[in-house]
Amino acid sequence: MSASLSICTIFKNRSSLALEDQQLQRALGNVQKGFIKKRADAAAGLPEFEELRDRARDIKNHTLEHLDLYLERYEEKVLEKGGKVHWCADAAEAREAISRICAAAGAKTVTKGKSMISEEIALNQHLEAEGLKVVETDLGEYIIQLRNEPPSHIIAPAVHLSQDQVEADFRRAHQELPADRNLTEPESLVAEARSVLRQKYIEADVGITGANFLIAETGTSIIVTNEGNGDLTQSLPKVHIVIASLEKVVPTLEDVSCILRVLARSATGQEMSSYTTFSTGPKRGEDLDGPEEYHVVLLDNGRSKMLGTEFQEMLRCIRCGACMNHCPVYHSVGGHAYGWVYPGPMGAVLTPSLIGVDEAGHLPNASTFCGRCESVCPMRIPLPKMMRHWREQEFEKHLSPATVRRGLAFWRFFATRPAIYHFSTGLASRLLAALAGAKGRLSALPLAGGWTKHREFPAPQGKTFQQLWAEEQKKRKAA
Ligand code: SF4
């Protein structure tokens with residue numbers, strides 16, 4: 001990502017490129033085909049699904065109301081089990097804490113499970129600059145690491161790529177790969193990645209994982225994966241580092257069992273992910289394996305400032321990805337367009353919260369407000385409402401473009417003069433309907449070139465809503 005361009009500019013530029021990119025558009029079509037039906041089937045197959053969503057929301061709400069209490073309890077339990085908690089206010093502190101642990105371990109190679117927080121603090125770049133070899137072990141993350149790209153989806157980081165592209169990356173990066181080896185099937189690609197990664201697990205001095213949840217009652221961190229890579233990452237090296245943001249804490253194991261039931265169903269349509277791994281402290285005397293050191297790097301990075309604001313509810317997010325899987329904007333532009341770590345509707349709310357509305361205020365404008373994100377969010381996060389809050393702030397801070405402000409002033413003039421408003425909208429409706437003809441759609445329209453460049457504009461029916469409503473009422477009275 002370019003440091004000199006704002007997220008808003010990046011979003012605009014990359015969205016235009018994404019709409020022209022045929023390969024990306026095909027890959028984004030797979031997001032719609034794959035995830036939506038699976039989630040719908042999984043939800044329909046569990047009669048208490050809606051009730052579980054309510055409970056999951058209430059558990060997180062309660063936790064956020066008493067976050068200090070549960071975090072302190074969590075730390076107490078981690079210490080009791082022989083682990084250590086590193087409290088980090090921002091990305092720099094978290095990177096520094098991880099560097100110190102790696103240096104103390106004399107580490108040369110670090111394996112990593114999938115972690116959006118490590119993307120947020122640009123951990124790989126930092127460790128590599130310090131001379132460490134960092135190896136991503138989640139298949140999708142491994143692929144994008146070979147390409148030097150960020151994830152394009154929070155649970156499917158390489159969803160923007162085709163199988164052919166992955167094959168080409170493996171042939172380029174894997175020096176030992178025989179030229180005649182068949183890599184045309186997904187299974188053979190997975191086997192190839194596995195053969196390379198197995199050795200890395202053994203070589204690694206430190207394993208870093210994220211955490212889907214931290215349990216206050218036991219000091220446990222939980223990771224949810226489908227590949228088992230997280231288990232090898234955290235159990236084979238001498239040192240295990242968990243990096244997690246502070247809102248990941250949940251009071252009890254019983255609470256997390258409720259949230260886990262909605263997580264996998266919302267994310268991939270599975271009843272449960274293949275691996276749900278609980279990790280509590282370092283290896284004990286009687287354990288056959290496990291790390292000798294267990295560290296938790298607990299990151300704030302702007303979350304505590306969200307508490308008590310209209311954005312607190314965003315901290316309920318469990319990173320399932322359902323909102324982007326159902327978002328028509330994400331389906332059109334993909335994850336890289338969003339320009340920072342978190343794409344889709346959750347990113348449109350979280351990114352301005354973490355890096356500021358000045359920098360990322362345009363993202364909440366990338367919404368049709370169709371409401372699908374909120375309707376599928378397992379934690380019932382009111383994403384559209386929060387995007388509206390960001391739009392208000394963008395407007396109040398005079399960050400919205402002059403054309404938008406002038407457009408709103410123009411609309412206000414008419415909207416506050418009902419007679420002129422009805423006359424002019426009636427005229428415009430008739431005119432646009434006449435221009436569209438039988439097709440009912442316009443392929444060019446003044447002031448709407450951004451829209452009509454990529455798709456046709458549906459023309460009004462020739463009458464305004466008020467006119468149609470009045471006619472309908474008249475018919476009803478006459479009937
Ligand atoms: S906002 Fe909701 S749907 Fe989106 S990733 Fe978070 S929990 Fe999932």
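Both ligands and their constituent atoms are indexed starting at 1 by order of listing.
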Next item on the list: State plainly whether the residues K283 and D289 are in salt-bridge range, i.e. N to O under 4.0 Å.
Entry: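 No, K283 and D289 are not salt-bridged.
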
Note to self: Please determine whether a side-chain nitrogen of the Lys or Arg among D169 and R172 lies less than 4.0 Å from a carboxylate oxygen of the Asp or Glu.
What the structure shows: yes

Check: Near atom 8 (Fe) of ligand 1, which protein N/O/S atoms fall under 2.8 Å?
Finding: C320 SG

Item checked: Partners passing ring pair (Phe, Tyr, Trp, His ring centres under 6.0 Å) against Y74 (at least two apart in sequence or in another chain) -> none

Next item on the list: If the plane angle is over 60° it's perpendicular, under 30° parallel, otherwise tilted; pick one for H66 and Y70.
Entry: perpendicular

Note to self: Is the ring pair F457/W451 parallel, tilted or perpendicular, if the boundaries are 30 and 60 degrees?
What the structure shows: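 Plane angle over 60°, so perpendicular.
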
Notebook entry, point to check: Just wondering, are more than 12 heavy atoms of other shown residues or ligands nearer than 6.0 Å to CD in Q125?
Noted result: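 Yes, CD of Q125 has more than 12 neighbouring heavy atoms, counting only those of other groups under 6.0 Å.
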
